[in-house]
Amino acid sequence: MLDQRLLRDNPELIVEQLGRRGMTLDLTALQLIARQERDLEQQRSDLQAEGNRIGRQVGELIRGGAAPHSPEVQALRDRGNTVKQQVAVLEEEEKALEARLRDQLLAFPNLPSPHCPDGAGEAQNVERRRWGTPRQPLAGEAPLEEHWQIAERLGLIDSERSVRIAQSRFVTLLGAGARLERALISFMLDQHASRGYREVLPPILVNSASLTASGQLPKFAEESFRCADDDLWLTPTAEVPITSFHRDEILAAEQLPLKYAAYTPCFRREAGSYGRDTRGLIRLHQFNKVELYWFCHPEESEAAHAQLTADAEAVLQALDLPYRVLDLCTGDLGFSAARTFDLEVWLPGAGAYREISSCSTCSEFQARRASIRFKDGKKTRLLHTLNGSGLAVGRTMAALLETGQHADGSVRLPPALVPYMGCDRLLPEA
RNA sequence: GGAGAGGUGGCCGAGUGGUCGAAGGCGCAGCACUGGAAAUGCUGUAUAGGGGCAACUCUAUCGAGGGUUCGAAUCCCUCCCUCUCCGCCA
């Protein structure tokens, strides 16, 4: 959420910075509401001060021996009632303005970081670096298979029966496929734990306040699954429960940074993506993800962002999966993010880089929505939140299958996974 | 799901209509004492918003929301949550 004071005092900055996202805004009306709201608040609290004075006077008079129904006391009572009515009227107006203001403020995305490259859309994302050598088909070799072909051939997934259980865009993992998923989750969590992250296993049903705090609500309600009879939703990412883990808290500066690594299933409706990535593990309504999350001091968030991204990259490196890092431009930035590095893994079968992690700093945007602060000396300040996938598990499996595919039909696994899998390759079922 | 008890500041805990944002204690911070520390003493120690250069000041907040009253932590209503017992259950 944006700062109300910024809206009142310097709306030009908001217009300019959201302009970098491609938004055209006129905030004069909203600024007026914000100022009216403040003026009303001033009037109302002055009136309340008078009411408090009257109340105190009545108390003093009665304690001093005045009869409760003497004309003097009665006059004060009458004035008190008048004041009360006036306050009620002002309060109602004030609440209405406040609600309008909040609704609108909640719908604005975060201001992009000054370091975020300007651009209109994904074509303007800036590639920062590459790691590893993308596997290409050898001359004369058969074309490389896509992961879903490999997975079906090896009996690792069953998509058709999953439709029977749920609907399309769900998969069932089987045998070595199920085991590989589990191995990857353990491997990722172990690696992050060894790098200073505290492991978390949060609730995966979350309430509306939690979704609002991290930015999915109110604008993106159609992206999440909702439980009809409760104020509960299936979490679209562990970012949601972790943000709200510390909602309404004031942390000590010495506690920062707090670093969490959480495995959760994630649920997304993927509205508007019909026909895209319909096969395999790339785009599902339910997928597993290990999420990295930092709560940190505002002055340290830029370094934290680099570190968090490096921690996500370390997983790809440990798995020998080539990737590149994109610095998302302002036009491609997510709602809550001030700056985002996407990690794109190389999929040899598809012959393309595909997003496998998105590492964002949300500056104080989520902290303000969730009211998460820390004591900076005498002052209480909003902290910064950062999140990144470390990694999306299904997509990691897809990359491993395509990268490790062998002419004999098997899939070679990277050495790091051997202790978790108990084997170094996946073989066709006998 | 049924029955009962309860939700007060970082924590414990007092407070059943009148200067209560809230006694007391613990914790924490500063100062004094000390060679240093302990002990002791003194002082300070919530959040949000508004006004002011500042000192400071006004308003709100005792689970949440409404109500009664000139005045509510205290009385009434609704909701939420926690605990205990019973039921059910992995």
Side-chain angles (χ1 to χ4, degrees), chain A residues 1-10 30-102 104-106 201 203-213 227 229-233 241 244-256 258 265 295 364 366-383:
Chain A
M1 192 163 60
L2 301 180
D3 189 356
Q4 287 197 31
R5 264 169 300 204
L6 191 62
L7 174 66
R8 281 202 307 263
D9 303 337
N10 193 3
L30 197 57
Q31 185 191 26
L32 196 68
I33 292 178
R35 291 192 165 160
Q36 276 175 352
E37 198 259 348
R38 185 190 46 183
D39 293 345
L40 271 179
E41 183 184 352
Q42 186 67 60
Q43 287 178 43
R44 192 216 67 223
S45 63
D46 285 349
L47 267 175
Q48 281 175 323
E50 193 189 338
N52 288 342
R53 270 196 305 276
I54 293 169
R56 238 173 281 135
Q57 281 173 32
V58 172
E60 277 163 24
L61 283 174
I62 290 176
R63 249 178 302 122
H69 291 288
S70 65
E72 197 186 5
V73 171
Q74 193 56 50
L76 282 171
R77 283 191 176 166
D78 293 344
R79 249 180 77 203
N81 273 321
T82 311
V83 166
K84 192 160 58 167
Q85 281 166 21
Q86 290 172 327
V87 166
V89 171
L90 289 180
E91 242 170 15
E92 203 172 316
E93 285 178 51
E94 194 185 333
K95 267 188 190 167
L97 283 182
E98 221 176 82
R100 271 174 71 190
L101 192 61
R102 184 177 160 80
Q104 297 207 42
L105 282 174
L106 281 174
L201 193 61
I204 55 180
L205 294 194
V206 297
N207 58 35
S208 296
S210 296
L211 281 167
T212 305
C227 303
D229 294 333
D230 303 278
D231 177 32
L232 289 171
W233 308 64
S244 283
F245 185 67
H246 287 297
R247 178 144 48 89
D248 295 321
E249 287 188 23
I250 299 171
L251 303 166
E254 309 83 67
Q255 289 177 269
L256 302 179
L258 284 170
F295 296 87
E364 58 181 39
Q366 293 178 324
R368 180 173 292 108
R369 287 171 163 251
S371 190
I372 309 172
R373 294 144 296 163
F374 73 105
K375 275 285 180 203
D376 192 10
K378 202 104 172 88
K379 277 208 168 119
T380 307
R381 294 177 62 190
L382 293 171
L383 47 70

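Side chains are part of it too, since the values below use all heavy atoms of this structure and drop only hydrogens, waters and symmetry mates.
- When the P atom of B/rC81 is taken as reference, atom CG of A/Asp248 falls 16 Å away, rounded to whole Å.
- In a base pair of the Watson-Crick type (N1 to N3 plus N6-O4 or O6-N4) or a G-U wobble (N1-O2 and O6-N3), with each distance short of 3.5 Å, B/rU43 is matched with B/rA29.
- A/Leu205 is not listed as a side-chain neighbour of A/Asp230, based on a closest heavy-atom distance of 4.5 Å or more.
- Among the nucleotides B/rC70, B/rA48, B/rG50, the one closest to any side-chain atom of A/Arg5 is B/rG50.
- Of all nucleotides present, none satisfies the Watson-Crick or G-U wobble test against B/rC89 with each distance under 3.5 Å.
- Rounded to whole angstrom, the span from the CD atom of A/Gln57 across to the P atom of B/rU69 amounts to 20 Å.
- For the pair A/Thr380 and B/rU47, the criterion of a side-chain N or O lying under 4.0 Å from OP1 or OP2 is met.
- Projected onto RNA chain B by closest heavy-atom contact, A/Arg8 and A/Lys84 fall at different nucleotides, the more 5' of which corresponds to A/Arg8.
- No side-chain heavy atom of A/Leu2 sits less than 4.5 Å from a side-chain heavy atom of A/Leu7.
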Name the atoms and distances for all side-chain donor-acceptor pairs under 3.5 Å in residues 65-78 of chain A, with sequence neighbours left out.
unit_1, atom_1, unit_2, atom_2, d
A/Ser70, OG, A/Ala67, O, 3.0
A/Ser70, OG, A/Val73, N, 3.4
A/Gln74, NE2, A/Asp78, OD1, 3.3

>> Applying side-chain contact (heavy atoms from CB on, under 4.5 Å) to A/Glu364 and A/Arg381, what does each step give before you reach the verdict?
In response: CA-CA 10 Å; A/Glu364 58 181 39; A/Arg381 294 177 62 190; over 6 Å; no
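- For the P atom pair drawn from B/rG63 and B/rG6, the interatomic distance equals 14 Å after rounding to whole Å.
- Applying the side-chain hydrogen bond (donor to acceptor under 3.5 Å, both in side chains) test to residues at least two apart or on different chains, the pairs with a partner in residues 246-256 of chain A are A/Ser210-A/Arg247, A/Ser244-A/Arg247, A/His246-A/Glu249, A/His246-A/Tyr260.
- A/Arg35 comes within 4.0 angstrom of no nucleic acid atom, judged by non-hydrogen atoms across all strands.
- Residue A/Arg373 is classed as a sugar-phosphate contact, given heavy-atom separations below 4.0 Å to backbone atoms only.
- Look at CG on A/Leu47: it is 16 Å from C1' on B/rG51, rounded to the nearest Å.
- Out of B/rG50, B/rC70, B/rU47, the shortest distance to the side chain of A/Arg38 is found at B/rG50.
- Figure legend. B/rA5 is base-paired to B/rU82; pairs are counted as Watson-Crick or G-U wobble with both atom distances under 3.5 Å.
- Toward the 5′ end of RNA chain B lies the nearest nucleotide of A/Gly59, the other residue of the pair A/Gly59 and A/Leu76 mapping further downstream.
- Looking at the side chain of A/Lys375, the nearest of the listed nucleotides B/rA48, B/rA46, B/rG50 is B/rA46.
- At whole-Å resolution of the value, CD in A/Glu94 and P in B/rA48 are 18 Å apart.
- Evaluation of the salt bridge (Lys or Arg N to Asp or Glu O under 4.0 Å) test over residues 46-62 of chain A, restricted to residues two or more places apart or in two chains, returns A/Glu50-A/Arg79.
- Atom C1' of nucleotide B/rA64 and atom CZ of A/Arg247 are separated by 14 Å, given to the nearest angstrom.
- Nucleotide B/rC53: unpaired (no Watson-Crick or G-U wobble partner with both distances less than 3.5 Å).
- Within the 4.5 Å cutoff, side-chain heavy atoms of A/Lys375 are placed close to those of A/Thr380.
- Of the possible donor and acceptor atoms, one in the side chain of A/Gln31 sits under 3.5 Å from a partner among the backbone N and O of A/Arg8.
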Output one line per pair: protein atom, nucleotide atom from nucleotides 58-60 of chain B, and distance, for all N/O pairs under 3.5 Å.
unit_1, atom_1, unit_2, atom_2, d
B/rU59, OP1, A/Asn52, ND2, 3.1
B/rU59, O3', A/Gln48, OE1, 3.4
B/rU59, O2', A/Arg44, NH2, 3.0
B/rU59, O2', A/Gln48, OE1, 2.7
B/rA60, OP2, A/Asn52, ND2, 3.4

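- B/rU68 makes up no base pair with any nucleotide shown, lacking Watson-Crick or G-U wobble contacts both under 3.5 Å.
- Residues satisfying the side-chain hydrogen bond (donor to acceptor under 3.5 Å, both in side chains) test with A/Gln4, not counting sequence neighbours, are none.
- Taking atom P in both B/rG25 and B/rC42, one finds a spacing of 10 Å when rounded to whole Å.
- Atoms CZ (A/Arg381) and P (B/rA48) sit 13 Å apart, rounded to a whole Å.
- For A/Arg77 and B/rG18, the CZ to P distance is 14 Å, given to the nearest whole Å.
- Of the nucleotides present, none pairs with B/rA22 by Watson-Crick or G-U wobble criteria with both distances under 3.5 Å.
- Atom CZ in A/Arg368 sits about 12 Å away from atom P in B/rA48, given to the nearest Å.
- Among pairs with a residue in residues 81-100 of chain A, those fulfilling side-chain hydrogen bond (donor to acceptor under 3.5 Å, both in side chains) read A/Arg44-A/Glu94, at least two apart in sequence or across chains.
- With a cut-off of 3.5 Å on both pairing distances, B/rG36 has no Watson-Crick or G-U wobble partner at all.
- Comparing the same atom, P, in B/rG44 and in B/rG36 gives a spacing of 26 Å after rounding to whole Å.
- Look at the P atom in both B/rU68 and B/rA73: the space between them is 16 Å, to the nearest Å.
- Of the side-chain N and O atoms in A/Lys95, one or more sit less than 4.0 angstrom from OP1 or OP2 of B/rG66.
- Between B/rA5 and B/rU78, the two P atoms lie 15 Å apart (nearest whole Å).
- The separation of B/rG9 from B/rA48, taken at their C1' atoms, amounts to 15 Å, rounded to a whole angstrom.
- Between B/rA22 and B/rG13, the two C1' atoms lie 12 Å apart (nearest whole Å).
- Across B/rA46 and B/rU8, the matching C1' atoms stand 13 Å from one another, rounded to whole Å.
- Which of B/rG66, B/rU47, B/rC70 sits closest to the side chain of A/Ile250 comes down to B/rU47.
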